[in-house]
J.: 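I am attaching a structure below and will ask some questions about it afterwards.
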Amino acid sequence: MATGSEATKPAEAVLEWNKQDNKRMLHAVYRVGDLDRTIKYYTECFGMKLLRKRDVPDEKYTNAFLGFGPENTNFALELTYNYGVDKYDIGEGFGHFAIANEDVYKLAENIKSKGGKITREPGPVKGGSTVIAFAEDPDGYLFELIQRAETPEPLCQVMLRVGDLERSIKFYEKALGMKLLRKKDVPDYKYTIAMLGYADEDKTTVLELTYNYGRTEYSKGNAYAQVAIGTNDVYKSAEAVDLATKELGGKILRQPGPLPGINTKIASFVDPDGWKVVLVDHTDFLKELQ
């Protein structure tokens with residue numbers, strides 16, 4: 001009969017894998033009503049580059065990838081246009097993406113001069129000194145603009161609202177090996193935020209989870225889809241996710257394995273709040289980019 005310590009070994013080994021794995025946030029996937037309009041907005045207003053575009057007529061959709069650097073090193077936004085669908089419901093759960101820039105005042109002016117919409121004028125954050133602004137894209141997605149010295153990753157946040165912050169922090173630590181970088185409670189405005197990621201906030205893209213006091217559920221809409229995270233081994237990573245879902249909620253949607261047609265190995269799951277994450281084999285992903 002296995003002793004207690006022997007019985008826990010497999011779980012420990014599975015979670016240990018997360019510490020050795022070189023996971024990286026690859027891209028966020030969401031739907032837009034007019035691909036060319038969004039590409040024009042992101043390149044002209046935000047200064048992003050169009051990295052690649054692919055049309056899949058058999059499945060009636062087109063993808064475009066945009067960002068501030070190459071996909072093998074930087075985070076990207078994967079826009080999906082489904083033929084004939086020009087409007088989506090963003091829902092209440094998705095918060096914003098964020099762009100770090102050395103001069104938010106100038107960036108906001110540029111956005112306005114190109115016909116873009118600023119929903120919060122640049123200025124210090126309430127109760128702090130960091131200068132921020134908010135812009136809204138043509139589909140209604142919000143982008144926080146954060147003043148920050150030069151950074152290797154200007155596309156710096158994906159913000160999602162969750163119903164139980166402690167549960168979510170534990171889930172992302174355990175399932176994906178993320179580090180809790182910072183946590184801040186703002187009782188005056190009745191919310192708490194947690195920043196999770198794989199490197200310091202000013203050097204990488206982080207997941208910002210927001211808990212609003214007393215709010216446990218949000219509508220998801222049908223606009224925002226998921227984040228993709230690169231891993232050295234989707235099979236081992238999926239084992240860690242499986243352990244986390246058993247303890248904290250969420251579920252695996254797609255068991256690890258190659259995608260038909262392109263052979264890229266992936267796995268997918270939802271977290272305890274229903275937010276979707278896709279794990280992608282890093283080597284396969286780099287092959288896709290060639």
Side-chain angles (χ1 to χ4, degrees), residues 25 27-51 64-70 74-79 87-161 181-182 184 186 188-189 191 193 195 197 200-210 212 221 223-224 227:
M25 299 263 284
H27 48 253
V29 185
Y30 54 104
R31 301 169 185 100
V32 298
D34 180 334
L35 199 54
D36 292 334
R37 176 183 70 182
T38 304
I39 291 169
K40 187 174 169 21
Y41 192 101
Y42 288 7
T43 52
E44 290 182 4
C45 294
F46 295 149
M48 289 186 201
K49 298 178 186 78
L50 173 61
L51 303 166
F65 293 78
L66 291 101
F68 291 99
N74 287 66
F75 190 69
L77 299 178
E78 179 181 342
L79 312 176
K87 208 171 186 320
Y88 291 94
D89 168 25
I90 292 176
E92 309 164 299
F94 172 80
H96 61 256
F97 300 111
I99 295 170
N101 188 279
E102 290 175 63
D103 188 342
V104 164
Y105 292 94
K106 197 170 149 191
L107 178 59
E109 275 313 308
N110 178 62
I111 291 167
K112 284 195 272 193
S113 74
K114 299 281 187 346
K117 187 175 173 187
I118 295 292
T119 58
R120 181 210 191 269
E121 290 294 334
V125 68
K126 283 170 185 163
S129 58
T130 306
V131 171
I132 66 160
F134 272 90
E136 189 179 294
D137 85 354
D139 288 276
Y141 292 99
L142 286 175
F143 281 77
E144 183 177 4
L145 313 174
I146 303 171
Q147 192 146 303
R148 196 177 273 177
E150 201 179 337
T151 170
E153 185 49 89
L155 205 48
C156 60
Q157 287 175 6
V158 178
M159 191 278 254
L160 302 170
R161 297 182 178 96
L181 303 168
R182 178 164 71 95
K184 185 182 175 192
V186 189
D188 289 354
Y189 294 97
Y191 72 88
I193 58 168
M195 302 291 186
D200 293 341
E201 243 182 287
D202 58 351
K203 292 182 177 58
T204 186
T205 309
V206 300
L207 198 55
E208 175 181 353
L209 302 178
T210 298
N212 291 299
Y224 170 82
V227 289

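Because only heavy atoms are used, hydrogens play no part in the values below, and waters and symmetry mates are left out as well, while side chains stay in. Computed from a predicted structure; not experimentally measured. Positions are given from 1 along the sequence.
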J.: What heavy-atom pair brings Pro124 and Ser129 nearest, and what distance separates the two atoms?
T.: CB-O, 4.2 Å
J.: Taking the side chain as every heavy atom from C-beta outward, state whether Val206 and Arg182 have any pair of such atoms under 4.5 Å apart.
T.: no
J.: Pairing donors with acceptors under 3.5 angstrom, does anything connect the side chains of Lys114 and Asn110?
T.: yes
J.: Would you say the side-chain atoms of Arg37 pair up with the backbone N or O of Val32, donor to acceptor, closer than 3.5 Å?
T.: no
J.: Go through the side-chain N and O atoms of Tyr88 and Asp139 and say whether any donor and acceptor fall under 3.5 Å apart.
T.: no
J.: Under 4.5 Å between any side-chain heavy atoms of Phe134 and Ile118, yes or no?
T.: no
J.: Could you grab the distance from atom CG of Leu79 to atom CZ of Arg31, nearest 0.5 Å is fine?
T.: 12.0 Å
J.: Taking side chain as C-beta onward, heavy atoms only, is Asn74 less than 4.5 Å from Leu155?
T.: no
J.: Might you work through the side-chain contact (heavy atoms from CB on, under 4.5 Å) test for Val104 and Ile132, ending with a clear yes or no?
T.: CA-CA 7 Å; Val104 164; Ile132 66 160; 5.9 Å; no
J.: Decide yes or no for Ile111 and Leu145: does some side-chain heavy atom of the first lie under 4.5 Å from some side-chain heavy atom of the second?
T.: yes
J.: Does Thr43 reach the main-chain N or O of Lys40 with its side chain, forming a donor-acceptor pair under 3.5 Å?
T.: yes
J.: Using a 3.5 Å distance criterion without hydrogens, assess whether the side chain of Arg161 forms a donor-acceptor pair with backbone atoms of Asn212.
T.: no
J.: Give, for atom CD of Glu208 and atom CD1 of Ile193, the distance between the pair rounded to the nearest 0.5 Å.
T.: 4.5 Å
J.: Taking atom CD of Gln157 and atom CD of Glu201, what is their separation to the nearest 0.5 Å?
T.: 6.5 Å
J.: Can you pull out every side chain to side chain donor-acceptor pair (under 3.5 Å) where at least one residue sits in residues 142-152? Sequence neighbours excluded, please.
T.: His96-Glu144
J.: Does the ring center of Phe75 lie less than 6.0 Å from the ring center of Phe68?
T.: no
J.: Does Asn101 reach the main-chain N or O of Phe46 with its side chain, forming a donor-acceptor pair under 3.5 Å?
T.: no
J.: Nearest heavy-atom pair of Cys45 and Leu107: which atoms, and what distance?
T.: O-CD1, 3.6 Å
J.: Please tell me whether Phe143 and Phe97 form a close aromatic pair, meaning their ring centres lie under 6.0 Å apart.
T.: yes
J.: Over 60° means perpendicular and under 30° means parallel, so classify the ring planes of Tyr141 and Phe94, tilted if in between.
T.: perpendicular
J.: Are any of the side-chain nitrogens in Lys112 or Glu109 under 4.0 Å away from the carboxylate oxygens of its partner?
T.: yes
J.: Looking only at heavy atoms, what is the nearest atom pair of Ala64 and Leu50, with distance?
T.: CB-CD1, 4.0 Å
J.: CD/Glu44 to OG/Ser113 distance, rounded to the nearest 0.5 angstrom?
T.: 9.5 Å
J.: Does any part of the side chain of Asp34, heavy atoms only, come nearer than 4.5 Å to the side chain of Pro138, both counted from C-beta?
T.: no
J.: Apply side-chain contact (heavy atoms from CB on, under 4.5 Å) to the pair Met159 and Leu142, showing each step before the final yes or no.
T.: CA-CA 10 Å; Met159 191 278 254; Leu142 286 175; over 6 Å; no
J.: Are side-chain heavy atoms of Ile39 and Leu66 found at a separation under 4.5 Å?
T.: yes
J.: For Gly197 and Leu181, work out which heavy atoms get closest and say how close.
T.: N-CD1, 3.8 Å
